[in-house]
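Some notes on the structure that comes next.
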Amino acid sequence: MNSLAVPTSAFRRNAIFRERHLWVGTYNVSQTCTPAAGVDASISTQPTTTITTTAGSSVLSRGNNSNSTVTLSGTTIDSTPPAAANAVFSNVIGAGGTGSATLIVDGGTNTVNVGGSGLDALAITNANSGLSTFTVSAGTTLNILNSVVGNEHDGIDVNASGGGAINLTHEGNGQITLLGGNGIWTKASGSGDTNVSVGAGVSILVNNDDALSAGPPILDDTLPTAGVGNHAGVHTRAIDGNTTVVNAASVHFNLL
């Protein structure tokens, strides 16, 4: 595997999967699992782990026409890349595959802070037709601060570009604060459905009081976003599929 820092990690692998379990500790380089095409990728953290990076994604799992899974537990992430990158990223690439992409936050208090030129705090991008699943379990705290201004600097972003369905469930609690994006943004394509459920323990602050993050909406709603002035607490999109939202979170806005 690549980009390993002290303390190190444990591996479990065979011809069809590769798992990387980070040991408890402090890391200052990107932690990644990017096996060969056709091999499932998985990376997980343990409670009290801290990952601070200034380049690339802090945590990355990437499957190539295979499955990808990231699991966070009681982990603090500080990501300030000089170029666009998601702080925590479960990614499936390749054409014509059926891979699924999963990102799980399970247990303890988890904090993801994004600065520099970062993109999203926690993201899934799935170019295959498999399911994209984002889950925060009950009793888990997830706090997100994405302080990058502009557009598409979201808290949680799920992009099922390969046409698969999206299931996003946040049963935990915590604060999501944005300066240049949506609290939660799911993007289905083709006939894929998007299903989002957010519980009452979640509070979202969409802070569009910076000139680079505000402004009138783009009138063409077929574009990836409806405009930098249209950031939302929970934003979903389906094209030929269905979109379902059940939102009990409190959503607040600061506007110019």
Side-chain angles (χ1 to χ4, degrees), residues 1-46 49-73 75-106 110 112 114 116-135 152 154 156-164 166 187 189:
M1 211 56 68
N2 41 25
S3 299
L4 201 58
V6 176
T8 184
S9 56
F11 295 91
R12 192 161 69 97
R13 71 184 75 187
N14 65 21
I16 60 172
F17 70 84
R18 183 169 295 180
E19 296 179 344
R20 181 176 177 199
H21 304 282
L22 299 183
W23 291 352
V24 173
T26 300
Y27 299 81
N28 58 15
V29 294
S30 297
Q31 302 303 304
T32 66
C33 185
T34 56
V39 179
D40 293 345
S42 177
I43 187 168
S44 61
T45 68
Q46 298 185 58
T49 295
T50 298
I51 303 172
T52 302
T53 60
T54 57
S57 295
S58 296
V59 178
L60 168 66
S61 173
R62 175 171 290 139
N64 185 341
N65 285 330
S66 58
N67 301 320
S68 171
T69 302
V70 173
T71 304
L72 296 186
S73 182
T75 298
T76 298
I77 306 285
D78 287 293
S79 178
T80 55
N86 300 308
V88 181
F89 194 22
S90 181
N91 183 211
V92 174
I93 61 175
T98 59
S100 64
T102 304
L103 204 164
I104 301 167
V105 186
D106 182 26
N110 302 268
V112 181
V114 183
S117 296
L119 286 176
D120 307 313
L122 299 103
I124 292 172
T125 299
N126 188 354
N128 280 191
S129 61
L131 186 64
S132 296
T133 304
F134 185 101
T135 304
E152 288 288 347
D154 306 307
I156 299 167
D157 184 289
V158 181
N159 182 1
S161 60
I166 297 170
K187 295 168 274 194
S189 62

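Fair warning: this is a prediction, and the values are worked out from it, not measured in the lab. Nothing fancy with the numbering, it's 1 onward along the sequence.
For the pair Ser66 (side chain) and Gly99 (backbone), a donor-acceptor distance under 3.5 Å is absent. In this structure, Thr26 contributes its side chain and Thr50 its backbone to no donor-acceptor pair below 3.5 Å. Using modelled atom types, no side-chain atom of Asn128 and backbone atom of Gly162 make a donor-acceptor pair closer than 3.5 Å. Of the possible polar contacts, one joining the Asn86 side chain to the Asp120 backbone as a donor-acceptor pair under 3.5 Å is found. Remark: side-chain polar atoms of Thr32 are not paired, donor with acceptor, to backbone N or O of Leu60 under 3.5 angstrom. Listed for the Thr98 side chain is no donor-acceptor partner under 3.5 Å among the backbone atoms of Ser129. Judged purely by atom type and a 3.5 angstrom limit, Ser189 uses its side chain to pair as donor or acceptor with the backbone of Ser161. No donor-acceptor pair closer than 3.5 Å links the side chain of Ser57 to the backbone N or O of Ser30.
Taking the side chain as every heavy atom from C-beta outward, Val105 and Leu122 approach each other to under 4.5 Å. Here the side chains of Thr125 and Phe89 are in contact, with some heavy-atom distance below 4.5 Å. Two residues are said to be in side-chain contact when any heavy atoms from C-beta on lie closer than 4.5 Å; Asn67 and Thr102 fail this criterion. You'll find the side chain of Asn110 stays beyond 4.5 Å of the side chain of Val112, heavy atoms only. Contact annotation: the side chain of Ile43 approaches that of Val70 to within less than 4.5 Å [non-hydrogen atoms, C-beta and beyond]. Taking the side chain as every heavy atom from C-beta outward, Thr80 and Asp78 never approach each other to under 4.5 Å. By the 4.5 Å heavy-atom criterion applied to side chains, Leu72 and Val88 are counted as neighbours. Side-chain contact between Arg20 and Leu22 is present, with heavy atoms from C-beta onward closer than 4.5 Å.
A donor atom on one side chain and an acceptor atom on the other are found under 3.5 Å apart for Ser58 and Thr53. Residues Ser90 and Ser68 bring a donor and an acceptor atom of their side chains to less than 3.5 Å of each other.
Put simply, CG on Asn126 and OG1 on Thr133 are 9.5 Å apart, with the number rounded to the nearest 0.5 Å. For the atom pair CD1 (Ile77) and OG1 (Thr45), the distance works out to 6.5 Å, reported to the nearest 0.5 Å. In this structure, CG on Asn64 lies 9.5 Å from CG on Asn91, to the nearest 0.5 angstrom. Taking OG1 from Thr75 and CD from Gln31, the interatomic distance works out to 11.0 Å, rounded to the nearest 0.5 Å.
Between Trp23 and Thr49, the shortest heavy-atom contact is O-OG1, 3.9 Å. Between His21 and Ser44, the shortest heavy-atom distance links the atoms ND1-OG, 2.8 Å. The two residues Ile166 and Ala160 make their nearest non-hydrogen contact at CG1-CB, 3.6 Å. Of all heavy-atom pairs spanning Ile93 and Arg62, the tightest one is CD1-CD, 3.8 Å. Contact record, Ser79 with Ala87: CB-CB, 3.7 Å, taken as the closest heavy-atom pair. Between Ala101 and Val92 the shortest heavy-atom distance is CB-CG2, 3.8 Å.
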Intermediate values then yes/no, side-chain contact (heavy atoms from CB on, under 4.5 Å), Thr69 and Glu19: CA-CA 9 Å; Thr69 302; Glu19 296 179 344; over 6 Å; no
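Applying side chain to side chain contact (heavy atoms under 4.5 Å, CB included) to Ile124 and the options Ser132, Ser100, Ser61 leaves one that passes, Ser132.
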